[in-house]
Every structure is written in C-alpha cells, then in structure tokens.
Amino acid sequence: MSNICPDPVIITVVSVESRFRIGELSRRSGVSPDLLRAWERRYGLLRPSRSSGGLRLYSEEDVLRVEAMQEQLAAGLAAAEAARVASSRRDEAAAPADTTEARDELAGALLAYDEARAHAIFDTLMARFALETVLGEVVLPCLHDLGERWERGEISVAQEHFASALLRGRLLGLARGWGQGLGPTALLACAPGEQHDLGLIAYGLALKARGWRILYLGPDTPLESLADAARSAQPDRVVVSAVSPATLDALGQSLNDLGREFPLAVGGAAAGDAHLDDSILMLTGTPVEEAERLTSLQRSRQP
Amino acid sequence: MSNICPDPVIITVVSVESRFRIGELSRRSGVSPDLLRAWERRYGLLRPSRSSGGLRLYSEEDVLRVEAMQEQLAAGLAAAEAARVASSRRDEAAAPADTTEARDELAGALLAYDEARAHAIFDTLMARFALETVLGEVVLPCLHDLGERWERGEISVAQEHFASALLRGRLLGLARGWGQGLGPTALLACAPGEQHDLGLIAYGLALKARGWRILYLGPDTPLESLADAARSAQPDRVVVSAVSPATLDALGQSLNDLGREFPLAVGGAAAGDAHLDDSILMLTGTPVEEAERLTSLQRSRQP
Amino acid sequence: MSNICPDPVIITVVSVESRFRIGELSRRSGVSPDLLRAWERRYGLLRPSRSSGGLRLYSEEDVLRVEAMQEQLAAGLAAAEAARVASSRRDEAAAPADTTEARDELAGALLAYDEARAHAIFDTLMARFALETVLGEVVLPCLHDLGERWERGEISVAQEHFASALLRGRLLGLARGWGQGLGPTALLACAPGEQHDLGLIAYGLALKARGWRILYLGPDTPLESLADAARSAQPDRVVVSAVSPATLDALGQSLNDLGREFPLAVGGAAAGDAHLDDSILMLTGTPVEEAERLTSLQRSRQP
DNA sequence: ATAGGTTTTGTCAAGCTTTTGTACAT
DNA sequence: ATGTACAAAAGCTTGACAAAACCTAT
C-alpha cells in the first residue's frame with residue numbers, strides 16, 4: 001500500500017505489520033524460543049496471534065517488548081517483575097477511551113456545579129488509574145478545555161473558578177506530605193503576578209511520584225523571596241512557572257541571575273517563547289513529560 | 001511544561017514502579033542481603049512487599065532509605081539509631097495509591113497493632129478521597145473482612161477489638177459536631193443487645209454529609225429509652241440498627257409500635273430478613289447508598 | 001467566639017533527633033568515654049537516655065553541653081564549677097501547652113518550611129479540638145500573625161506563601177463535600193482582584209458545620225460571573241469577601257445592584273469601612289461568629 | 001585505669017522454598 | 001507446539017556466634 005490511492009480502490013485494511021514466527025523473533029531478540037514461550041506462559045509477556053496451523057506469529061511491537069524485558073532484566077529486575085514492567089505499557093494504552101469519557105463527565109459535573117458527582121468521578125479515577133494518568137489524561141486536559149471554552153465565552157468565569165477551586169483542593173490533598181522523603185528537593189513557585197498554579201501543582205505531584213521532595217510556594221511569588229527561600233532550603237532545582245510571555249520578558253534579567261545562583265527551570269505556557277540563558281531549563285512539554293525529563297537529568301548528575 | 005495537556009497523549013508509564021529482589025537491592029546499595037534482612041528484622045528499616053512465593057520485593061525508595069541508613073552509620077550513629085533516623089520519614093511517604101491496596105494495608109496495620117501506621121494510612125486516605133469513598137471502599141469493607149476472618153478463627157478477638165476501637169475513634173472524630181446545623185434530625189441507635197455500632201456511625205456520617213443533624217445514642221439501647229429520646233427531640237427520622245435477626249424478631253411488636261409513633265427505619269445485617277410493618281423503612285444497602293435514599297425521601301417530603 | 005476548648009492540652013511534636021552512644025559522643029567532643037561517665041556521675045553534667053539494654057544514648061544537645069564544659073575548663077574553672085555553668089542551659093527546653101502554644105508551634109513549623117511538622121501539628125489539633133476551635137484559635141490567628149509579620153518585613157513573601165499554600169490545602173481538604181446536603185445554600189466568592197481566600201474558606205467551613213451547602217467560586221471573581229452563578233444556583237445567600245477597602249468602594253454600585261437581586265453579605269477586612277445599602281449584611285466579626293449569626297438569621301427566615 | 005560481664009551488630013550456617021532458564025517427551 | 005520436569009541460582013527463616021562497644025564496680 002502506498003500513501004497515494006489514485007483510484008477508488010478497496011483498501012485492505014490489514015495492518016502492514018510484518019508477522020514472523022518464533023524463530024525469527026528469537027534471532028532478532030537473541031532470546032531462545034523456549035524462553036520466549038516460557039515468558040509468554042508464565043508472565044503473559046507476549047500475546048502472539050496464531051497461524052492457521054497454530055504457529056505463533058509476532059509483530060514488530062513484540063520485538064520492542066522483548067527488548068524492554070531484556071533491559072529490565074539487565075537492570076537487575078527479577079523476571080516476573082521485568083515482565084510486569086515491560087508489558088505494562090500495553091495495559092495503560094488500552095485505557096484512553098475510558099479516560100476521554102471520564103474527562104467529559106468531569107467537565108460536565110464541574111460546569112453543573114455538581115460537587116458530589118465531581119468528587120465521585122475523581123475518586124473513581126484515582127481508584128482505577130495511576131496518578132499520572134489521571135493528571136495527564138483527565139485533570140489537565142479538562143482544565144485546558146475549560147480554559148478554552150471560557151476564552152470563547154462559552155462558559156462563565158464562575159464555572160471556571162468553581163472547577164479550579166475544586167480541583168485545586170483535590171490536588172493539594174494529594175500533595176500532602178510531598179515535602180517529606182529522601183530524594184532531591186525541588187522548589188516550586190509561580191512567577192510574580194502569575195495566579196495559575198494548577199499546572200505547577202501537577203508538575204510537583206509528578207516530581208513527587210519520582211521521588212523528589214517538593215517545597216511549594218504557590219502563586220505570585222516575587223523572585224527575591226524565591227531566592228531567599230532557595231538560599232535557606234538549598235534545593236536541587238528551582239522551578240518558576242508563568243503562563244503569560246510578557247511576565248517572563250519582564251523578568252528576563254532577574255531570572256538569568258537566579259539561574260546563575262541555582263539550577264533553574266522555567267515552565268508554563270510562556271516557557272516556549274522566552275529568551276533566557278541556555279543554562280536555564282525550559283519546560284515546554286506536559287508536566288508529566290517534563291517531570292520525567294528533570295528526573296533523568298538529575299539522575300545523570302548524581303550517580 | 002504547560003498548564004495544559006493539549007492532546008490526548010499516551011503517557012509513558014514510568015510510574016509502574018519497578019520492584020526488585022533482595023539481591024538487586026544489595027547490588028545497588030552495597031549492603032549484603034543478610035544485613036539487609038537483619039536491618040529489617042531488628043529495626044524495621046524496610047518493609048518490602050512480598051511476591052506470591054514470599055520473596056521480598058523492594059522499590060526505588062528503599063534504595064534511598066538504605067543509602068540514608070549508610071549515611072547515618074558513616075556519621076557515627078549506632079545502627080539502631082541510624083535506622084530510626086532513616087525510617088523516620090516513611091510514615092506519610094508510604095501512601096497506598098488506590099483504595100484496594102489501602103484496604104489491605106490498613107488491615108495489615110490493624111492486625112499488627114501498629115497504631116501509628118493505621119492512623120497515617122487513614123490520614124492519607126482522608127486527604128486523597130472523599131469521606132464516602134473512604135467509608136465505602138476501605139473502612140467498612142475492612143471491618144467486614146476482619147469480622148469474617150474472626151469468625152473463621154484466623155484472627156483473635158484482641159485484634160478485632162483493637163481494630164474496632166481505633167476505627168471507632170477515627171469515625172467519632174469525624175462525627176464531631178454532627179448534631180449541629182439546619183437540616184432535618186435523625187435519631188440513631190443500636191437495638192437492645194446490639195454492640196456493633198460502626199456501621200451505624202458510618203451511616204450517620206453519610207447522613208451528616210447530606211445535611212442531616214445526627215442524634216446518636218450508641219450501642220445496646222433499650223427501645224423505651226429510644227422512644228423517650230425521640231419524644232424529646234422530635235427527630236425527622238428514627239433509625240435502629242441490628243446485626244442479628246433474632247434481635248429484630250424479638251423486638252418485632254415494639255418496633256412496629258415505635259414505627260407508628262415516628263418515621264422509623266431499621267438497618268444492619270438483620271434488616272433484610274426482618275418482618276415488620278410496611279411503613280418501616282428497611283435499610284438493606286450500604287450505609288452510603290441508604291443515606292442517599294433516605295435523603296431523597298426526605299427531600300420529597302419537605303420540598 | 002464560642003466553642004473554645006478550655007483545657008490546656010500538651011501537643012507533642014515528635015522530633016526525630018538522632019541519638020548516639022558514648023563512643024560517638026567521645027569522638028565528636030574529644031573527651032574519653034570514661035571521663036564523660038565520670039562527669040555524669042560526679043556533676044550530673046549529662047542525663048542521657050538509655051537503650052533497652054542500658055546503653056547511654058546522647059543527643060546533639062549533649063555535644064554542645066560537653067563543648068561548653070570544655071570551654072569553661074579551658075577558661076580555668078574547676079571541673080565542678082565548669083559543669084555547673086555548662087549544665088545551666090539544659091532547662092531551657094520546655095513543653096508547649098495549649099492552643100496558644102500550638103499557634104506558635106504551627107507558625108514556627110511553617111516559617112521553617114517544615115511541612116511534616118506543620119501537618120503533624122494540624123492533625124493533632126484536628127484530633128483534639130473542634131474544627132471551629134482550630135480555625136478560630138489557631139489557623140486564622142496564625143495567618144493573621146504571619147500577615148502582620150510580613151508587613152513589618154520580619155518574614156519573607158516566600159514564607160507567607162508556603163504557609164498559605166499548606167493551610168489552603170488543609171482547609172480545602174476539610175471543605176470536600178461542602179456543596180452537598182439538605183440545608184440552605186451559600187454562594188461564596190472573593191471580590192474582583194481579591195486573592196486572599198483563606199478567610200472566606202474558613203467562613204465556608206463554619207457555615208458548613210451549621211448545615212449550609214457551600215458553592216465556592218474562589219479568588220478574583222467578577223461580579224457579573226457571580227451574578228450568573230447566583231441566577232443559576234439560586235442560593236439562599238451570596239457572600240463576597242474583600243480585604244482592601246478600595247476594592248469595595250469601586251464596586252459600591254454593582255454590589256448594591258447585586259444586593260437587590262439576592263440576599264447579599266459582604267465580608268473581609270474591608271467590610272467594616274464600606275458604605276453600602278442597609279439591606280446588605282456586613283460581616284465584621286470572625287468567620288465563626290459571623291457564620292453563627294448568618295445561621296440564626298436564616299433560621300428565623302425559614303422556621 | 002582495670003577487670004569482668006552485657007549489649008549491640010555484622011556475619012554465617014543449615015535446611016527448606018521459590019524462581020527461572022533449559023531440556024525433554026509427547 | 002505443548003506440557004512437564006529439572007536443576008541451578010537466589011531467597012527465606014531460625015538460630016547462633018564473635019568482635020566491638022559499652023556497662024558497673026573496684
């Protein structure tokens with residue numbers, strides 16, 4: 001099949017993935033056929049389709065999964081655990097239909113000022129999905145959605161406020177104890193004038209899930225205060241969040257100064273357009289992505 | 001990082017915590033498996049989960065804790081003290097993520113007479129979930145579970161008592177002030193001879209959350225006393241709870257009499273089998289469900 | 001304010017001081033174990049706790065005391081006299097007493113960015129006292145105090161922010177579910193431009209404890225949005241909070257308009273000086289007092 | 001300062017179980 | 001391909017032991 005389809009042709013919608021048998025998978029991955037079968041039987045690592053004669057047929061994706069398994073093994077995990085990690089991506093990927101639905105439900109409950117239902121949805125989500133999934137697939141998209149609808153005048157400020165307040169309460173509830181623990185410390189604050197703190201809280205939660213300790217100062221924090229707090233707490237990373245680009249431009253020099261004194265990162269919608277020293281980390285992805293990136297960075301710093 | 005997560009993005013599931021066995025922990029931390037076990041046994045430094053076969057499974061966080069222990073040792077502390085310092089930050093940090101896990105953890109802490117941990121788990125749950133979720137998904141199932149295990153002789157009366165007492169304390173703490181307010185009043189009491197009051201307290205809390213005022217008389221209340229209290233307080237609803245069907249049968253006539261004088265409801269495990277006047281509301285569902293039902297009923301009575 | 005808990009209660013704040021044995025103290029202070037024991041026996045210089053096996057366990061403070069002793073010796077004092085001087089500092093550490101003490105402790109923990117201790121103090125308070133007592137005697141005075149110290153330049157914005165964020169999280173945690181129930185509904189919002197929402201949240205909690213349902217819109221809410229929300233939710237009372245008098249003056253006419261459409265109340269520090277229609281309720285007392293007053297008013301309206 | 005006894009703590013061993021890669025028979 | 005078997009590696013529990021550190025008393 002090519003990209004172009006000049007004639008009205010019935011396209012056979014079979015995926016173009018090549019399918020190969022266990023010997024080929026063994027050759028590509030360097031794992032013996034016997035062992036591959038054992039992994040399937042014992043941990044359900046692979047779920048190959050079958051030929052009409054019953055031979056196992058694998059796809060490219062399975063190669064990746066076997067390689068992931070090998071990585072985990074090399075990292076020292078026991079086989080059972082390695083398989084759990086390697087196959088986990090499949091289970092989570094199967095979920096988006098549910099989360100999309102949940103997002104709409106949550107938005108509906110919030111717009112209707114229905115506190116009880118919103119809490120119930122949130123609880124159900126937390127019971128079924130990992131924190132990061134709830135944040136990344138439901139809460140943050142939901143907020144973003146509400147923000148856009150507010151800009152288009154479809155919903156009132158009151159509705160947006162009610163939603164923010166409720167979700168802020170839930171996120172801060174999850175944040176309890178995020179300053180405790182053994183990992184490196186991140187100092188988080190919104191830039192001066194900046195009131196939107198939910199993205200920053202989500203980022204803090206994602207960092208906490210990766211072992212960081214969080215020191216959170218909240219919205220609208222003057223840079224001098226931030227510097228004071230940093231000098232007192234000696235964090236491993238200082239993070240400033242800003243939504244409006246104007247804010248960052250106005251702060252340019254001060255941020256660069258702060259960046260020379262402490263390892264600094266700048267996030268929020270404004271981070272993409274700001275012009276700051278190269279030494280300052282710009283967080284332009286989602287909170288969860290960026291939390292993962294910062295953690296990798298930190299890991300490489302302190303081996 | 002942005003406030004928002006623009007697209008439904010598949011989150012890389014970094015959060016699937018890897019769990020490794022004692023050999024790997026030993027390799028990572030440089031402490032011999034024997035010593036790691038000794039530290040666990042003697043100081044409770046680590047509390048690894050177990051595989052189905054009983055092998056210890058550790059997490060990244062445990063590595064940090066072992067490293068902290070080593071730091072303290074290097075600083076000259078005796079092992080016992082080093083362990084105390086290194087594990088001091090655990091209580092809040094080791095927070096169960098979902099309610100099913102929390103139920104097991106709570107049960108475990110209660111059976112081990114570990115009051116501090118039980119409180120910590122309860123606190124975390126209350127911070128993370130709505131009251132009703134905590135009641136319906138954790139506390140009540142946990143109690144039910146313990147009750148069954150006690151019947152099967154798997155746990156001792158002492159353990160069951162300890163668990164009840166601790167949870168009763170927490171629930172009564174939440175109940176503080178439940179008699180105040182503007183809403184309708186419910187008068188709650190256990191039937192004569194009935195000592196199990198936790199379900200009734202949970203029911204009261206669920207009612208309180210829906211705006212009721214609660215007048216609570218506690219376990220083993222003679223019906224005459226209940227009637228006296230009702231005549232004095234003029235509640236909008238009287239609720240009697242009983243677990244044993246025999247109790248209800250013995251009370252049959254008196255309950256019917258009471259039900260003619262006041263709007264009456266009967267709950268507890270025995271409610272399903274009792275034969276009472278139709279005018280008496282039988283509460284056969286969970287406390288939360290029944291609280292919702294009673295509230296709807298009340299709403300339709302007093303618009 | 002009512003609901004004051006009369007009894008002085010000792011709030012134990014568990015600090016996790018490291019404890020080490022005599023060998024380590026000797027190493028740190030340069031004094032031989034034998035001599036340390038002699039000083040203890042002869043002059044009572046140190047009073048170490050003991051392990052279960054009887055070994056002496058010292059704290060950081062003891063190091064200081066031994067060092068002081070050495071200084072005195074070096075200055076030429078006789079050992080007995082040196083010990084007398086050095087041990088005089090011991091009695092300084094005292095135990096905290098009632099809610100006043102708790103307030104100071106909480107403030108201290110917050111100013112030190114000690115999240116764990118702040119949560120522990122808050123938990124202890126909630127376990128011992130009624131919500132209103134905690135709000136009225138500890139949280140609100142503590143915030144007020146911090147605000148004043150910030151104005152006097154004694155503490156940084158960062159400290160004030162950290163404190164606000166942590167307490168906001170706790171209060172919003174308590175607020176969960178405050179919109180449900182059977183009682184009258186209060187619609188709460190901060191005036192446009194107003195960011196201080198903690199007093200308003202406290203007021204909402206006090207109302208909730210009295211049976212109200214709360215619809216909370218949060219800081220910086222335009223009056224038109226508030227009016228929209230009010231038209232949609234038909235609350236029994238609308239409450240606007242503002243700290244700065246200028247805010248209220250600017251809003252004067254709009255507030256009066258709103259007050260003609262809905263039963264309105266205005267609170268916050270600015271309420272005392274504002275000049276608005278007589279029909280608008282001015283909340284000049286503490287949140288708890290005013291919640292009680294509003295509830296009485298409501299009771300007389302809907303008997 | 002010494003002597004004689006105790007506590008603490010790292011290490012090891014014995015006997016048994018679990019896990020997991022590989023082999024083999026059907 | 002399937003199912004079973006097997007053995008090496010790794011882990012578990014209990015208990016013990018000895019060196020180091022610490023105790024009291026003289």
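Computed from a prediction, not measured in an experiment: that's the story for all the values here. Below, read A as the first sequence line, B as the second, and so on, with proteins coming before strands; counting in each chain starts at 1. These numbers come from the heavy atoms of this one structure, side chains and all, not from hydrogens, waters or symmetry mates.
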Is C:Arg56 close enough to E:dT24 that one of its side-chain N or O atoms is under 4.0 Å from OP1 or OP2 there?
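Checking E:dT24 against C:Arg56, a side-chain N or O does come within under 4.0 Å of OP1 or OP2.
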Just by modelled atom types, is the [Y] backbone N or O under 3.5 Å from a matching donor or acceptor in the [X] side chain?
{"X": "B:Gln70", "Y": "B:Ser29", "answer": "yes"}
{"X": "B:Gln159", "Y": "B:Glu154", "answer": "no"}
{"X": "B:Arg103", "Y": "B:Val138", "answer": "no"}
{"X": "C:Glu115", "Y": "A:Gly179", "answer": "yes"}

- Message: Going by the rule side-chain contact (heavy atoms from CB on, under 4.5 Å), which residues pair with A:Arg37 if we only count those two or more places apart in sequence or in a different chain?
- Response: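 A:Ile22, A:Pro33, A:Asp34, A:Arg56.
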The side-chain contact (heavy atoms from CB on, under 4.5 Å) partners of A:Glu24 (sequence neighbours excluded) come to A:Phe20, A:Arg27, A:Arg28
Given atom [atom1] of [X] and atom [atom2] of [N], what is their separation to the nearest angstrom?
{"X": "C:Tyr58", "N": "E:dA21", "atom1": "OH", "atom2": "C1'", "answer": "13 Å"}
{"X": "A:Arg37", "N": "E:dG3", "atom1": "CZ", "atom2": "P", "answer": "11 Å"}
{"X": "B:Leu77", "N": "E:dA21", "atom1": "CG", "atom2": "C1'", "answer": "15 Å"}
{"X": "C:Phe20", "N": "E:dA21", "atom1": "CZ", "atom2": "P", "answer": "17 Å"}
{"X": "A:Leu36", "N": "D:dT22", "atom1": "CG", "atom2": "C1'", "answer": "13 Å"}
{"X": "B:Glu24", "N": "E:dA9", "atom1": "CD", "atom2": "P", "answer": "18 Å"}
{"X": "A:Glu40", "N": "D:dG21", "atom1": "CD", "atom2": "P", "answer": "15 Å"}
{"X": "B:Arg41", "N": "E:dA16", "atom1": "CZ", "atom2": "P", "answer": "13 Å"}

* Check every atom of E:dC22, E:dG11, E:dT2 against the side chain of C:Ile22 and return the nucleotide holding the closest atom. =>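 The answer is E:dC22.
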### Task
Report which part of the nucleic acid B:Arg50 touches: base, sugar-phosphate, or nothing (heavy-atom distance under 4.0 Å, all strands).
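Sugar-phosphate contact only - B:Arg50 comes under 4.0 Å of backbone atoms but never of a base.
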Nucleotide by nucleotide, nucleotides 2-10 of chain D touches protein heavy atoms under 4.0 Å in the pattern (B base, S sugar-phosphate only, - none) -----SSBB
request  = Decide yes or no for A:Trp39 and A:Val31: does some side-chain heavy atom of the first lie under 4.5 Å from some side-chain heavy atom of the second?
outcome  =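 A:Trp39 vs A:Val31: side chains touch.
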